[in-house]
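What follows is one structure encoded as structure tokens, with my remarks underneath.
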Amino acid sequence: MLSTARILPAVVSMALVHGLFSEVKAAPPSVNYLNPAGGQVGQKVEVSVNKTLGTAPVSVWTSAPGLTITIPEKPAKGKEKQFTVQIDAAAKPGLYWLRFHNAEGASEIRPFLVGTLPEQAETEPNDDLEHAQKCELPGVTINGVLAKSGDVDIYQVKLKRGQTLIASQTANEQLGSPMDGLLQILNHRGTVLEQMEDTLWFDPRIVFTAPEDGTYYVRTFAFPADPNSTIRFAGAASYIYRLTLTTGPFVDHSLPLAWHPAAAAPVALEGWNLPDDLKSLLPAMTDSKTQALLSHPQLGNLLTIPLSKTPVILETKESQAEKGQLLTLPATVTGKIAERKEIDSYRFAAKKGDKLTFKVDTYMLGYPLDAYIKLFDAKGKLLKEVDDARRNYYDAQLDYGIPADGEYRLEVTDRFQYGGFRYVYLLSIQPTEADFSLQTTEEQYTLTAGDKPLEIEVTVNRQSPRFNDDIEISVAGLPAGVTCEPVVSKLKEKTEKAVKLKLEAKADVVFQGPLEIKGVSLKDKTQVHTPTAVIKGISPKRNTARPKPDLELPYLWLTIKKK
């Protein structure tokens, strides 16, 4: 038997070790994905993370107001990875970004979608027609996950003859889920009636009109967005999706495709099941001030459209005439290649020496048109033709110096002569302007107070035509005790393409918050840009023939910790 004298030191040692281990366990939040990845306006949602919320207390930064997030400091057993999101009744539908942070650091930024339809969670088993999960129409959004390799999810709905069902999946494009999803519509015998793989890049949508009354099935499965050598259906805990099933109003695009705020005019909606009072809508400015939002409680989805510097006009029948539609520059036009082999033609007057930028946005807006443009002079001579402006950029753009006074004509078509309802485009003809953009290598940084400086490399992209001005790059909003000297990017010097910012913090500084970097032209101080960074860990590199470029956001983050 051990004596008390021999036991006590062992007890003390174990307590000390336990205390040290508790300190070591203190960790920052680490989040790969959220499940569910969204909720309905006005509702409360219980959400789980796949890794850890970190050591309490934990706070959450959001990209826009409208969400109240509660993380219990002492969660119930088994709920250590859960928190609640109360979505305000007045919250704007759309994509929100969340970042979790505590005294130890911050998580990666992650998406959360707010919708208008009632929500439903996927329930297993639902991998065959017999066990298909029932969904009530007119509309529902299902939060699901293809949790393992070979997983298939099936949902059943009842339709009347002539009813149009929209089945639209959101996964890779907005949630960063590493899946290339596929949707099918089946009848009660299991016969595939419709199938769709890619509609919005890797996310599918089916618009199906029921040929007769009955029960129909929506089946979804996926392949990896980053292709590999396997041929079976893919799945993993990260294969999160939101599937909207609705026989109600659903919008595909607006006419025009962009909004000029000064016009304060509604835009026409193009989609399915739209009643007369929803065929036009006044856009609302988003919190980012870079886009306009088209949303309504009756709509089964929402649409964000870019802002335009000039009023946007619509294509007319004159674009199909021999001369083409007359434009007055600068001009922004919304058009549609409605039929196969269709060519839209626009004419305009220009003077010798004018430098113009012809730009067609469509692919990056989520539409299938592969824009192809040709520029002709008044005599019909082809001056220039453009398909893809540059690598990994599939919308046409042409910078051109006008050689002589006169009338010119621009043709817009699809590279492979396709056309249809969704083959819309936004054409702009503007004076060519030199500009720049900034990018950082990371979307979050950590500085140890009282230690060596933190270096942040900022890449400077002087866009064509080359931006020649000096650009001062600085950090704003730093707390007391933290310093960072501005750095100037100069042409033909080492700082032309990249600069390094050096942040230093006194030993007693602790900070968590957005990192506000900005670049300002020293010649024209109205030209101001903030850097973006590629968001890592939520979607793999896409090795397809026409991928969408990596997701980049301007939401940088800084953590300052004690040494």
Treating Ser489 as the side-chain partner and Glu496 as the backbone partner, does any N or O pair qualify as donor plus acceptor under 3.5 Å?
yes
Are the side chain of Asp354 and the backbone N or O of Lys351 linked by a donor-acceptor pair below 3.5 Å?
yes
Strictly distance-based, threshold 3.5 Å: is any side-chain N or O of Arg110 a donor or acceptor partner for the main-chain N or O of Leu34?
no
Evaluate side chain to side chain contact (heavy atoms under 4.5 Å, CB included) for Ser30 paired with Glu108, printing each intermediate quantity in order.
CA-CA 7 Å; Ser30 180; Glu108 305 81 356; 4.1 Å; yes
Side-chain touch Val41/Pro93, heavy atoms, less than 4.5 angstrom
yes
Listed once per pair and sorted, the ring-ring contact (aromatic ring centres under 6.0 Å, His included) pairs that draw on residues 471-494, sequence neighbours left out
none
Lys81: which residues meet the side chain to side chain contact (heavy atoms under 4.5 Å, CB included) condition with it, sequence neighbours left out?
Val49
Taking side chain to side chain donor-acceptor pair (under 3.5 Å) as the criterion, tell me which of Asp344, Thr334, Asp395 meets it with Tyr425.
Asp344
Roughly how far, to the nearest 0.5 Å, is the OG1 atom of Thr286 from the CG atom of Leu307?
7.0 Å
What class does the angle between the rings of Phe100 and Phe83 fall in, given that below 30° is parallel, 30 to 60° is tilted and above 60° is perpendicular?
perpendicular
Run the side chain to side chain contact (heavy atoms under 4.5 Å, CB included) check on Gln527 and Asp469 step by step: do they pass?
CA-CA 10 Å; Gln527 289 187 284; Asp469 301 354; 4.2 Å; yes
With a 4.5 Å limit on heavy-atom distance, are the side chains of Val487 and Leu501 in contact?
yes
Using only atom types and a distance under 3.5 Å, with no angle test, would you say the side chain of Thr55 pairs donor to acceptor with the backbone of Ala27?
yes
Rounded to the nearest 0.5 Å, what separation is found between the OG atom of Ser238 and the CG atom of Asn50?
8.0 Å
Grab the two heavy atoms, one from Pro453 and one from Lys502, that are nearest each other, plus how far apart they are.
CB-CB, 4.5 Å
Looking at every heavy atom in both Val267 and Ser254, which two are closest together, and how far apart are they?
CG2-CB, 3.9 Å
With distance as the sole criterion, is a donor-acceptor pair present between the side chains of Asp399 and Thr357 under 3.5 Å?
yes
In terms of relative ring orientation, are Phe358 and Phe348 parallel, tilted or perpendicular, with 30° and 60° separating the classes?
tilted
How long is the span from the CG atom in Asn172 to the CE atom in Met179, to the nearest 0.5 Å?
8.5 Å
Between SG of Cys484 and CD1 of Ile517, what distance do you get to the nearest 0.5 Å?
7.5 Å
Considering only heavy atoms from C-beta outward, does the side chain of Leu410 approach that of Leu327 to under 4.5 Å?
no
Mind checking side-chain hydrogen bond (donor to acceptor under 3.5 Å, both in side chains) for Glu104 and listing every partner two or more places apart, or none if nothing turns up?
none
Not counting sequence neighbours, which residues clear salt bridge (Lys or Arg N to Asp or Glu O under 4.0 Å) with Lys518? List them please.
none
Work out which heavy atom in Gly39 is nearest to a heavy atom in Ile87; give both atom names and the distance.
C-CD1, 3.5 Å
Taking only residues two or more places apart in sequence, or in another chain, which ones meet Glu407 in a side-chain hydrogen bond (donor to acceptor under 3.5 Å, both in side chains)?
Arg347
Do the side chains of Asn102 and Pro57 get nearer than 4.5 Å, heavy atoms only?
no
Residues which pass side chain to side chain contact (heavy atoms under 4.5 Å, CB included) with Ala533, listed by chain and number, not counting sequence neighbours
Thr440, Glu443, Leu556
Side chains of Trp61 and Pro514: closer than 4.5 Å at any heavy-atom pair?
yes
Inter-residue atom distance Thr332.OG1 - Leu426.CG, 0.5 Å rounding
6.5 Å
Would you say Glu485 has more than 12 foreign heavy atoms packed within less than 6.0 Å of its CD?
no
Non-neighbouring partners of Glu270 that pass salt bridge (Lys or Arg N to Asp or Glu O under 4.0 Å), sequence neighbours left out:
Lys336
Compare every heavy atom of Thr362 with every heavy atom of Ala371, then report the nearest pair and how far apart it is.
CB-CG2, 4.2 Å
Test item: Phe376 and Ser345 side chains (from C-beta on) under 4.5 Å apart, heavy atoms:
no
Flag the pair Leu558 / Leu454 as yes when at least one side-chain heavy-atom distance between them is below 4.5 Å, and no otherwise.
yes
ring-ring contact (aromatic ring centres under 6.0 Å, His included) partners of residues 467-487, not counting sequence neighbours, each pair once:
Phe436-Phe467
Does a side-chain heavy-atom distance below 4.5 Å link Pro224 with Tyr239?
yes
Any residue meeting side chain to side chain contact (heavy atoms under 4.5 Å, CB included) with Gln174, in chain and number order, not counting sequence neighbours
Leu95, Leu113, Thr170
Asp414 side, atom CG; Leu369 side, atom CG - distance, nearest 0.5 Å:
5.0 Å
Taking only residues two or more places apart in sequence or in another chain, which ones pass side chain to side chain contact (heavy atoms under 4.5 Å, CB included) with Pro486?
Glu472, Ser474
Pair Trp259, Gln291: side-chain N/O donor-acceptor within cut-off below 3.5 Å
no
Flag if over 12 foreign heavy atoms under 6.0 Å of NZ, Lys92
yes
Across all chains, not counting sequence neighbours, the salt bridge (Lys or Arg N to Asp or Glu O under 4.0 Å) partners of Glu433 are Lys309
Working for side chain to side chain contact (heavy atoms under 4.5 Å, CB included), residues Tyr408 and Leu383:
CA-CA 10 Å; Tyr408 293 80; Leu383 301 176; 3.7 Å; yes
Among Arg462, Lys523, Lys490, exactly one meets side chain to side chain contact (heavy atoms under 4.5 Å, CB included) together with Ile471. Which residue is that?
Arg462
If I compare all heavy atoms of Thr530 with all of Pro554, which pair ends up nearest, and what's the gap?
OG1-CB, 4.2 Å
Going through the distances and angles, do Asn301 and Thr244 end up as a side chain to side chain contact (heavy atoms under 4.5 Å, CB included)?
CA-CA 8 Å; Asn301 66 328; Thr244 293; over 6 Å; no
Minimum heavy-atom distance Ala505-Val482, with the two atoms named
CB-CG2, 4.0 Å
Regarding Arg415 and the six-membered ring of Tyr372, is the cationic atom NZ or CZ under 6.0 Å from the ring centre and inside 45° of its axis?
yes
Between Arg422 and Thr199, is there a side-chain donor-acceptor contact under 3.5 Å, judged purely by atom types and distance?
no
Any donor-acceptor N/O pair, Ser107 side chain to Pro29 backbone, under 3.5 Å
no
If the condition is salt bridge (Lys or Arg N to Asp or Glu O under 4.0 Å), which residues does Arg409 pass it with, not counting sequence neighbours?
Glu411
